[in-house]
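Report on the structure given below.
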Amino acid sequence: MRHLQRIVGRRDSAVACPSCGVRRIRLDMRFCDQCGQRIPESLIRNLWRETASEPRKDDLGINRAPTGAEALPSPELPDRTDQSAPVQGPSDNTARSRLSVMPLRKEAARAGSEMSFGIKWGRQQVLGVFLIIFGAATELASAVIGVTSLAGLGLASFIIGLLFVFVESQRSFTPELVEAAVLSSLTNIERLLRELGPETKAVYLKVHDRLDVPMVFLPLEENAAPPFELGLHDEDRFFLIDSEDSHKTGLLLEAPGASLLALMEKESAVNFIDLERQDFLDMLKSSMVESLEVAADVKGTVTQEGVKFRIKDGALQGLSRYVTRSAPNVASRLGCPICSAAICAAVKVFKSDMILEEAVHQPRYHSVTLRFSGVATSGAS
Amino acid sequence: VALAERDVAFYGIAILVSGLLLMLIGVQQIEVYYVVYLIEFFVVMENVASFGQSLKRNLRPVILVFLLGFAYIVVQRMLQILS
């Protein structure tokens, strides 16, 4: 008997974390993916308003403060029906929203002051301020004494101090560490794919809003119907879709490269959803090669049927090699994280569902072939 | 991005060394020191530029300070020549 449990989940969305500035946060967890800091309720509520979606009953259940029993980890899958907790009356909601206005403004103002010039005050910044003061004092002393050459060194100290203040200190990670951190998660998806055994092509779903996280639908059964006929856009709440309708049977996953794309967008200060089609390849190359250096080169072509691109490995070449070796199903059917990030970018730019026809991973190159949903393959037509 | 810190350290050493060299040569004008540091800064910035927009955004105030100082030197020189 094959029974697929219906899990009602909410699609992740994004909001800027006030602590670290990372753009993606799991709405059901309310904590930043990157720094683990709790996101203020008011910011989350603001996000709800922006995405014009009201929290459902089960979301309200998640929002409420956990009781002692709920705080304990449960070994079972969460039963969302239990979480549909007391829904507040309209009067309560109004009162709450009215109360939330002031804290939201305060937080926005505080975020503004903390994020100005992106300075986070630490030991390095204190040292910088010391060097600035020292440099200024040396300049002053040289002017008083009349030794100009001393002023040169004072100026050097002043400039180094400025750089210490404005260049944020960040830890460096070796590619091996990134690989080790990511691989187990991908291996789990690999096991899931192997267990369910779908031999179908993944469909990267259209992104409707700049806050949406790119999702990929992997049908469990061969399905001739193009995804737009399946109405998947309305079904973005489902992780595993009910088997009652075979057309809608499949896995709805967050794209493996969604986080990488978010980082690319953050670093290049461009949201791919705002780009024109003709700018796609240039921007993809700029983001992957220059901003993040995850690829050494990106070449591609855009046709009526779809998009093809070829990515030359960069800093994360070990990761794609590991993924290809340890999670071949993930690599070939969903794409490795690097390919997937590029596919997500394509989906955002072209604003259309895209079927991953082929993802080939060679020792130094990745080749990806995407087809626009609803366009027949050249062989089939 | 960690390489950016290395670049800052490299730049710090470079301007200290060049400052000492200029001192040894006996350069007395502060403008010369300033312009040498500025040139070195932009050379290092070219390296840092590939580390992403967020770092470049952080460095904008430093660049602004540098350019204001440079503009001040240029204006002062022009006034000197005109007078």
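Heavy atoms only: backbone and side chains are in, while hydrogens, waters and symmetry mates are out.
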Within residues 67-82 of chain B, residues adjacent to chain A where the heavy-atom gap is under 4.5 Å: none

Could you tell me whether the side chain of A:I160 reaches within less than 4.5 Å of the side chain of B:L16, counting heavy atoms only? yes

If the condition is side-chain contact (heavy atoms from CB on, under 4.5 Å), which residues does A:S157 pass it with, not counting sequence neighbours? A:L131, A:F134

CD1 (B:I63) and CG (A:L162) are apart, to the nearest 0.5 Å, by 11.5 Å

Quick one: what part of B:V32 sits under 4.5 Å from any heavy atom of chain A, side chain, backbone, both or neither? neither

Which value, rounded to the nearest 0.5 Å, describes the distance between A:F158 atom CZ and B:Y34 atom OH? 9.0 Å

Check whether more than 12 heavy atoms from other residues, nucleotides or ligands sit under 6.0 Å from atom NZ of A:K351, and answer yes or no. yes

Is any side-chain heavy atom of A:L153 closer than 4.5 Å to a side-chain heavy atom of B:Y33? no

For atom CZ of B:F66, decide whether the heavy atoms of other residues, nucleotides or ligands shown that lie under 6.0 angstrom number more than 12. yes

Heavy-atom cut-off 4.5 Å, strictly under: side chain, backbone, both or neither for B:L22 against chain A? neither

Interface moiety of A:L155 toward chain B, non-hydrogen atoms closer than 4.5 Å: both

